[in-house]
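In what follows, every chain begins at residue 1, and chains take the letters A, B, ... in the order their sequences are listed.
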Amino acid sequence: MVYFSPGKMLISHGRAAEQNCLAFLELCNNLPKLSQLHTYILKLGLHSNPLVLTKFASISSGLNAICYASSFLFAPDAKLHLYDTFLFNTVIRAYAETSDLKHSAISYYKAMVKDCILPNKFTYPFVLKACAGLRKLNLGQSLHGSVLKYGFGDDTHVLNTMIHMYCSCPGGIEFARILFEEMPKCDSVSWSAMIGGYAKLGMSIEAVQLFREMQISGVRPDEITMVSVLSACTDLGALDLGKWVSAYIEREKVEKSVELSNALIDMFAKCGDVEEALMLFRDMKDKNIVSWTSLIDGMAMHGRGTEGISLFEEMKSSGIVPDDVSFIGLLTACSHSRLVEEGRRHFDSMTKEYGILPKIEHYGCMVDLLSRAGLIKEALEFVHKMPIKPNPIIWRTLITACRAHGELKLSEKIARKIIKDEPMLESNYVLLSNIYAKMLQWQKKTTIREVMAKKGIRKIPGSTMIELDNQIYEFVAGDKSHIQHSEIYRMVEEIGKKMKMAGYVAATSEVLLDIDDEDKEDVLHWHSEKLAIAFALLKTPPGTSIRIVKNLRVCGDCHSAIKFISKIYNREIVMRDRNRFHHFKNGQCSCTDFW
DNA sequence: ATAGGGTTAG
């Protein structure tokens with residue numbers, strides 16, 4: 001234990017004072033004695049000493065330290081001297097790294113420039129980082145101007161941070177790309193920043209494309225680049241590419257940080273190979289809570305809820321204390337596997353044993369858990385009793401469950417309510433329109449379509465992606481853009497005939513879900529997942545499994561059709577939809593029709 | 001003294 005007592009400190013001067021003070025600050029790390037320390041530093045006249053100040057700002061790494069550090073700048077006898085840039089940099093950095101105070105970093109930067117204190121090459125990475133956190137494009141652009149004005153337009157560190165800043169600001173990605181293209185020489189950080197920028201925005205195709213260009217460029221990707229590429233693979237559901245990245249990491253001996261291993265686990269789980277995710281996880285020496293949570297989430301998505309729960313218990317036994325995110329994974333695992341009692345119990349233990357205040361996501365999981373299992377009344381009561389105002393996601397969860405359990409009147413009522421709350425959100429109308437389809441009330445369905453058209457709201461088209469021979473193909477319903485489309489459509493017809501012979505009957509209410517009247521006959525078989533599967537049947541050897549990724553939830557008709565296809569063509573078909581995985585095999589689906 | 005990264009309800 002270190003006790004602090006300023007009175008006993010040896011007050012000395014000059015270099016000795018500095019050394020003394022630094023040593024003392026080292027001792028005082030983590031001690032909440034900042035105000036005494038502050039007095040002490042002023043007494044020694046060391047408040048403009050850059051080394052002392054940096055040390056001071058870094059200890060406790062908290063708000064207080066930053067406030068005291070910045071107060072030195074305005075001490076009555078503060079003198080402007082050679083080190084002032086350094087002083088400002090210290091304060092700007094401290095603020096830039098404090099989540100809620102990034103705007104203060106900008107204020108100090110502005111104050112600095114106003115006082116004619118020249119920024120140096122260390123100033124801008126800090127300032128730009130703060131700007132990235134604030135996500136203000138126009139501020140970023142003006143900082144960009146200053147960077148050029150002060151002559152740091154060819155500093156790689158500064159430019160890399162600027163790419164990151166542009167990628168973080170809405171509407172900035174194009175500016176980032178221009179900057180990136182114009183850079184005299186890019187290093188792996190530049191590439192990672194740009195690839196990561198695309199990946200974060202969900203521009204995963206661009207991220208992967210850029211990674212291919214990076215390989216041609218000869219800059220060696222490092223583990224951080226790989227994390228960004230993997231997150232693009234995860235988004236696309238591109239398992240082959242993900243596997244290639246994984247092999248590359250082994251081959252090139254890229255350092256496997258915990259983050260990289262976690263990204264691999266997440267990729268394998270979300271691209272459909274949860275067994276590989278599990279193996280990787282078991283091989284990890286240092287796991288953290290993210291590793292566990294990623295795998296639990298993976299189990300949840302694949303409907304392997306019991307294993308998700310065991311992992312959660314195992315995590316606790318290993319000494320990791322669950323956090324709010326891991327509870328989301330656990331509760332999702334329960335709801336997707338109809339483990340109602342387990343879900344309830346864990347929800348209670350979250351507050352009672354771990355003191356975690358449930359967030360809207362946790363309530364959402366519970367509403368899903370109950371309503372999906374058919375306990376609609378209880379789910380409704382739960383919504384009315386919860387202490388947070390239910391959000392549209394909660395209402396949509398209820399609507400979907402009501403529809404699945406035949407409570408059409410109730411789902412109509414809720415759907416009308418959320419349209420009132422969010423009149424411009426397309427998915428609200430689609431829900432109501434689907435309810436009318438199920439009620440066979442075509443007139444009302446048409447009216448909804450007309451209302452949407454009048455408001456200029458368009459439905460997001462369903463699309464399905466498939467990865468074949470290092471290419472990613474995307475199909476949308478009724479799509480005829482593919483070169484081989486006539487062959488594909490013939491295949492769909494053939495599949496249709498075989499399915500009928502096997503006893504398949506189209507579920508009309510579902511088939512007509514999202515289709516305009518004039519297209520009704522045409523689109524019967526043309527949902528994007530059917531096109532993608534027909535394509536895969538044409539292009540892949542018999543007996544191999546087929547993996548597809550859908551952007552929306554699979555419709556009931558496609559779900560039953562794919563069951564037939566898996567049997568007729570003797571193929572395992574793995575499908576990821578918006579919510580979860582379906583493994584079709586021999587006429588059955590792993591979700592046991594519980595989705 | 002400076003830059004880029006992993007899990008989050010339907």
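Side-chain proximity of A:Ile393 to B:dA1, B:dA3, B:dA9: nearest is B:dA9. The side chain of A:Thr397 sits closest to B:dG10 out of B:dG10, B:dG5, B:dT8. Comparing atom distances between the A:Ile394 side chain and each of B:dG4, B:dG5, B:dA9 picks out B:dA9 as nearest. Nearest to the side-chain atoms of A:Arg93 among the listed nucleotides B:dG10, B:dT2, B:dG4 stands B:dT2. The side chain of A:Ile360 lies closest to B:dA9 when the candidates are B:dA1, B:dA9, B:dG5. Of the candidates B:dG4, B:dA9, B:dA3, the closest approach to any side-chain atom of A:Thr332 belongs to B:dA9. Of the candidate nucleotides B:dT7, B:dA9, B:dA1, B:dT7 has the atom nearest to the side chain of A:Val290. In this structure, of B:dT7, B:dA1, B:dG5, it is B:dA1 that holds the atom nearest to the side chain of A:Phe122. Residue A:Val189 places its side chain closer to B:dA3 than to any other of B:dT8, B:dG5, B:dA3. Picking from B:dT2, B:dG4, B:dG10 the nucleotide with the shortest atom distance to the side chain of A:Thr225 gives B:dG4.
Heavy atoms of A:Asp324 sit nowhere under 4.0 angstrom from any nucleic acid atom. A:Ser326 comes within contact range of no nucleotide atom at all, as no heavy-atom separation falls under 4.0 Å. Across all strands shown, A:Asn120 has heavy atoms under 4.0 Å from base atoms, whether or not it also approaches the sugar-phosphate. A:Ser188 comes within contact range of at least one nucleobase, with a heavy-atom separation under 4.0 Å. Using a 4.0 Å heavy-atom cutoff across all strands shown, A:Val258 reaches at least one base atom of the nucleic acid. Residue contacts for A:Lys256: at a heavy-atom cut-off of 4.0 Å it reaches no nucleic acid atom on any strand shown. Across all strands, A:His164 comes closer than 4.0 Å only to sugar-phosphate atoms, never to a base (heavy-atom distances). Within the 4.0 angstrom heavy-atom criterion, only backbone atoms of the sugar-phosphate kind lie near A:Lys200; the bases stay farther away.
Under the 3.5 Å distance criterion, with hydrogens and angles disregarded, a donor-acceptor pair is assigned to the side chains of A:Arg177 and A:Tyr198.
Rounded to whole Å, the distance from OH on A:Tyr95 to C1' on B:dA1 is 19 Å. The distance from atom CD1 of A:Ile414 to atom P of B:dG10 is 17 Å, rounded to the nearest whole Å. As a whole-Å value, the separation of A:Arg578 CZ from B:dA9 P is 10 Å.
At B:dG10, one or more side-chain N or O atoms of A:His336 fall inside 4.0 Å of OP1 or OP2 (strictly under the cut-off). Taking side-chain N and O atoms only, A:Lys270 has a distance below 4.0 Å to OP1 or OP2 of B:dT8.
Once the 5.5 Å centre distance and the 30° plane angle are applied, the aromatic ring of A:Phe86 is found stacked with the base of B:dA1.
With hydrogens and angles left out, the side chain of A:Asn89 and the base of B:dA1 share a donor-acceptor pair within 3.5 Å. No donor-acceptor contact under 3.5 Å links the side chain of A:Asn579 to the base of B:dA9. With hydrogens and angles left out, the side chain of A:Thr161 and the base of B:dG4 share no donor-acceptor pair within 3.5 Å.
The aromatic ring centres of A:Phe126 and A:Tyr95 sit 6.0 Å or more apart. For A:Tyr166 and A:His144, the ring centers are positioned less than 6.0 Å apart.
A:Asp286 CG: 12 or fewer foreign heavy atoms inside a 6.0 Å radius. For A:Glu174, the CD atom counts as loosely surrounded, since its 6.0 Å shell holds 12 or fewer non-hydrogen atoms of other residues, nucleotides or ligands.
Formation of a donor-acceptor pair under 3.5 Å by the A:Arg553 side chain with backbone atoms of A:Arg578 is not found in this model.
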